[in-house]
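One structure is given below, encoded as structure tokens.
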2 protein chains.
Amino acid sequence: MALNLMETLKGYLKEKGLKQTRQREVIASTFFKTDKHIGIEELLEKVKNIEPSIGYVTVYRTLLLLKECGLAHQRNFGDGQSLFENAGEHHDHMICIKCGKIVEFEDDRIEALQEEVAKNYHFKIVSHRHEIYGACSFCQTE
Amino acid sequence: MALNLMETLKGYLKEKGLKQTRQREVIASTFFKTDKHIGIEELLEKVKNIEPSIGYVTVYRTLLLLKECGLAHQRNFGDGQSLFENAGEHHDHMICIKCGKIVEFEDDRIEALQEEVAKNYHFKIVSHRHEIYGACSFCQTE
DNA sequence: TCTTCCTTGAAAGTTACTTTCAATATAGTT
DNA sequence: AACTATATTGAAAGTAACTTTCAAGGAAGA
Ligand SMILES: [Mn+2]
Ligand SMILES: [Mn+2]
Ligand SMILES: [Zn+2]
Ligand SMILES: [Zn+2]
């Protein structure tokens with residue numbers, strides 16, 4: 001999988017006249033191996049273990065690049081910082097306001113009703129976000 | 001309506017040992033008269049027409065106060081700044097990414113399905129946000 | 001190898017708040 | 001009305017999380 005993703009990235013770079021670099025290789029491959037929602041600083045810590053000279057800005061720019069070529073999604077769950085995740089099937093999120101746990105969900109019935117609502121207002125959907133905030137199963141017994 | 005709202009605010013102030021001031025009166029009454037989603041700067045401009053000496057910070061703090069006593073909701077539609085609106089029936093939003101128009105919607109079926117999803121994950125809902133981004137009816141003919 | 005254009009990291013800049021602080025304004029008590 | 005304790009205000013300073021700038025260094029086609 002990660003190999004495929006890297007190939008996709010390389011194809012995009014070539015197509016846009018951009019260059020392959022050690023930094024992009026390290027940052028992207030580390031990101032592709034991550035299976036959760038990760039912030040810039042946190043990803044920076046990981047890549048620094050491999051290549052200590054890499055800076056915040058390069059991680060930031062590489063994540064924007066991955067987003068641009070459709071390999072990453074940027075999320076904002078209200079705590080002020082962006083989290084990135086590997087692109088995949090569409091889904092929405094439930095966020096625990098006590099422990100920060102993020103649970104992904106997807107419900108085709110909700111998606112369909114959403115389409116219906118938009119249609120009623122002659123509104124053409126480009127994207128959406130549906131976030132549920134509350135207490136996860138572990139955090140309910142205070 | 002606005003009178004009732006002002007009374008509610010005054011009750012809250014008294015209850016918390018806070019004070020009634022000319023600034024709070026002007027800011028709150030101006031806000032209560034606003035029927036759209038309004039930013040701090042924009043509300044500041046309005047109140048300055050009545051009381052030019054009022055500053056940004058007082059508007060900011062008063063909006064937090066209104067939020068605290070349940071008379072205002074704070075929204076973030078992704079453009080970086082907060083918008084406030086008078087509290088009322090729960091609803092979600094569709095935001096036009098071309099002209100910025102905000103359309104409110106509410107669908108009990110979606111709300112119910114959302115409850116169902118949360119229940120499946122043993123997740124206790126505290127709040128949620130469901131935002132649809134796209135083109136409003138006016139902005140579809142580019 | 002040459003040369004052009006891209007990339008990098010540090011530092012500076014930006015935005016939208018958020019906090020601090022000294023002066024001033026409430027409002028309950030004489 | 002005067003007194004007093006506490007809250008409020010506005011200007012200015014501080015913060016957080018990016019975002020842009022720029023000079024030095026690194027790809028990659030010729
Ligand atoms: Mn996700
Ligand atoms: Mn609304
Ligand atoms: Zn939790
Ligand atoms: Zn529009």
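Proteins get letters first, then strands, A, B, ... in listed order; numbering begins at 1 in each.
- Taken residue by residue, residues 37-58 of chain A places heavy atoms nearer than 4.0 Å to DNA chain D at A:Ile40, A:Tyr56, A:Val57.
- The shortest heavy-atom contact between B:Cys96 and B:Cys139 is SG-SG, 3.7 Å.
- Contacts of B:Glu25 classified as salt bridge (Lys or Arg N to Asp or Glu O under 4.0 Å), with partners at least two apart in sequence or in another chain: B:Lys10.
- Residue A:Leu9 contributes atom CG, which lies 11 Å from atom P of C:dT7 at whole-angstrom precision.
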Any protein N or O atoms within reach of nucleotides 27-30 of chain C? Criterion: under 3.5 Å, listing atom names and distances.
{"from": "C:dA27", "atom 1": "OP1", "to": "B:Gln20", "atom 2": "N", "distance (Å)": "3.0"}

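- With hydrogens and angles disregarded, no donor-acceptor distance shorter than 3.5 Å links the side chain of B:Asn86 to the backbone of B:Asp35.
- Within the structure, the ring pair (Phe, Tyr, Trp, His ring centres under 6.0 Å) test picks out the following pairs touching residues 85-117 of chain A (sequence neighbours left out): A:His37-A:His93, A:Phe77-A:His93, A:His90-A:His128, A:His91-A:His93, A:Phe105-A:His130.
- Legend: residues meeting side-chain hydrogen bond (donor to acceptor under 3.5 Å, both in side chains) with A:Glu42, ordered by chain and number and at least two apart, are A:Lys36.
- A salt bridge does not link B:Glu41 with B:Lys48: none of the charged nitrogens is closer than 4.0 Å to a carboxylate oxygen.
- In terms of phosphate contacts, A:Gln23 brings a side-chain nitrogen or oxygen within less than 4.0 Å of OP1 or OP2 of C:dG9.
- Between B:Lys10 atom NZ and C:dT26 atom P there is a gap of 13 Å when expressed in whole angstrom units.
- The side-chain hydrogen bond (donor to acceptor under 3.5 Å, both in side chains) search around A:Gln23 returns none, not counting sequence neighbours.
- Applying the ring pair (Phe, Tyr, Trp, His ring centres under 6.0 Å) rule to B:Tyr60 yields no partners; only residues at least two apart in sequence or on another chain are considered.
- For the pair A:Arg24 and C:dT8, the criterion of a side-chain N or O lying under 4.0 Å from OP1 or OP2 is met.
- Among residues two or more places apart in sequence or in another chain, the side-chain hydrogen bond (donor to acceptor under 3.5 Å, both in side chains) test is passed with B:Arg24 by none.
- Just one residue in the list B:His73, B:Gln74, B:Arg75 forms a side chain to side chain donor-acceptor pair (under 3.5 Å) with B:Glu85, and that residue is B:Arg75.
- Using a 4.0 Å cut-off on heavy atoms, the residues of residues 62-82 of chain A that approach DNA chain D are A:Gly80, A:Gln81, A:Ser82, listed by number.
- Here B:Glu45 pairs with nothing under the side-chain hydrogen bond (donor to acceptor under 3.5 Å, both in side chains) rule; sequence neighbours left out.
- Read 5' to 3', the first and last nucleotides of DNA chain D with an atom closer than 4.0 Å to a heavy atom of chain B are D:dT6 to D:dA12.
- Heavy-atom minimum distance, B:Leu9 versus B:Cys69: CD1-SG, 4.2 Å.
- Applying the salt bridge (Lys or Arg N to Asp or Glu O under 4.0 Å) test to residues at least two apart or on different chains, the pairs with a partner in residues 51-74 of chain B are B:Arg22-B:Glu51.
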